[in-house]
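Sequence positions, counted from 1, serve as the residue numbers for this chain. As the structure is a computational prediction, the values presented were derived from the model and not from experiment. Start at 1 and go down the list; that is how both ligands and their atoms are numbered.
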Amino acid sequence: MKNRFSRIIKPKSGHCVMLAIDHGYFGNIPGQLKCFDELHPLFEYADALMLTRGMLRNCVPAQVNVPIVLRVSAGASMLKELSNEEINVTIDDAIRLNVSAITCSIFIGGEYEKQSLMNLSKLVNWGQEYGIPTLAVTAVGREMVRDARYLGMASRMAAEMGATFIKTYYCENFEEVTTICPAPIVIAGGKKIEERDALQMAKNAIDKGAVGVDMGRNIFQSDSPIGMIQAVRAIVHENVSVDEAFEIYKNGPKGL
Ligand code: 5RP
């Protein structure tokens with residue numbers, strides 16, 4: 001478990017930059033994800049890739065040596081009730097795919113809250129049995145009020161259930177989320193915002209106790225995805241200022 005986890009959270013900095021590319025599993029396919037193959041140049045800058053089984057199988061060559069955080073939940077689309085998902089990958093297949101962690105979402109306050117919490121329990125139990133860390137993704141869904149009280153509660157619940165690490169959203173007073181949650185937290189990027197704002201968000205999150213980011217659209221929808229992931233890395237791993245990180249982004253190549 002520790003060995004796999006240390007492939008994701010780098011021991012030197014204690015931090016990580018994950019690239020989230022699991023959007024398509026519920027039907028959310030932002031422009032550039034249609035051409036998943038084009039994202040390959042980004043992989044070498046990621047400490048881990050978060051994706052689904054089909055995308056791993058079809059789009060990540062076996063030679064790519066980036067730890068995989070495998071989403072093992074499915075069953076809902078954005079056209080219906082997102083919380084109505086179940087576990088769709090067996091632990092045998094996850095092990096066969098040589099993943100470094102497994103993940104699913106929990107929907108606190110959602111219609112299928114209990115089902116999603118039982119999904120997480122299943123992953124934690126598998127993880128304990130086979131030494132595979134579990135990432136719990138909290139606060140997915142349109143109606144959730146993503147404030148510190150809600151995100152703190154959801155993250156704490158996931159930690160109490162045994163999740164190894166938690167992915168949640170950044171919010172005001174984020175230190176209240178990280179202090180109430182005993183497990184390491186990475187923040188989700190969310191919808192594309194201005195690059196400087198996304199870098200500021202990453203900086204704030206690290207300053208307030210997050211161990212890293214699991215960012216998707218704010219990297220691959222940027223006009224310089226490589227510049228952007230390098231800038232995020234500089235904040236997360238080297239604690240550079242937002243101004244310095246913004247320069248790194250600006251000097252990055254346009255497109256992929
Ligand atoms: C929700 C997820 C998303 O795929 C992830 O949050 C996407 O990353 P971003 O919001 O940075 O584009 O895990 O299920």
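Note on Tyr112 and Val72: separate hydrophobic clusters, where clusters join Ile, Leu, Val, Met, Phe, Trp and Tyr whose side-chain heavy atoms are under 4.5 Å apart, directly or indirectly.
Considering backbone and side-chain N/O atoms, Lys191 never comes within less than 3.5 Å of an N/O atom of ligand 1. Considering backbone and side-chain atoms together, Arg217 places an N or O closer than 3.5 Å to an N or O of ligand 1. Every N/O-N/O distance between Ala188 and ligand 1 stays at or above 3.5 Å. Considering backbone and side-chain N/O atoms, Phe26 never comes within less than 3.5 Å of an N/O atom of ligand 1. Here's the thing with Gly216: one of its N/O atoms is less than 3.5 angstrom from an N/O atom of ligand 1.
Close approach of ligand 1 to Gly190 is summarised as follows: ligand atoms under 4.0 Å from at least one heavy atom of the residue are 9 (P), 10 (O), 11 (O), 12 (O). Residue contact check: Ala20 has heavy atoms under 4.0 Å from atoms 7 (C), 8 (O) of ligand 1. For ligand 1, the atoms lying closer than 4.0 Å to a non-hydrogen atom of Met50 are 13 (O).
In this structure, atom 3 (C) of ligand 1 lies nearest to the protein heavy atom Asp22 OD1, 3.4 Å. For atom 14 (O) of ligand 1, the nearest protein heavy atom (residue, atom name, distance) is Arg71 NH2, 3.0 Å.
Side-chain contact between Phe246 and Val240: absent, with no pair of heavy atoms (C-beta onward) separated by less than 4.5 Å. Taking 4.5 Å as the limit, every side-chain heavy atom of Tyr169 sits out of range of all side-chain heavy atoms of Ile187.
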Is there a side chain to side chain contact (heavy atoms under 4.5 Å, CB included) between Met161 and Leu117 once you walk through the steps? CA-CA 8 Å; Met161 290 179 62; Leu117 289 171; 3.5 Å; yes

Evaluate the criterion side chain to side chain donor-acceptor pair (under 3.5 Å) for residue pair Gln115 and Asn119; output intermediate values, then yes/no. CA-CA 6 Å; Gln115 181 176 307; Asn119 289 342; 5.7 Å; no

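Of the candidates Met215, Gln221, Lys167, His23, it is Lys167 that places a heavy atom closest to atom 2 (C) of ligand 1.
Using cut-offs of 30° and 60° on the angle between ring planes, the pair His237 and His15 is tilted.
At distances below 3.5 Å, at least one donor-acceptor pair connects side-chain atoms of Arg156 with backbone N or O atoms of Ile180.
Taking 4.0 Å as the cut-off, Lys192 does not count as a neighbour of ligand 1 on heavy-atom distance.
Partners of Glu175 under the salt bridge (Lys or Arg N to Asp or Glu O under 4.0 Å) rule, at least two apart in sequence or in another chain, are Lys208.
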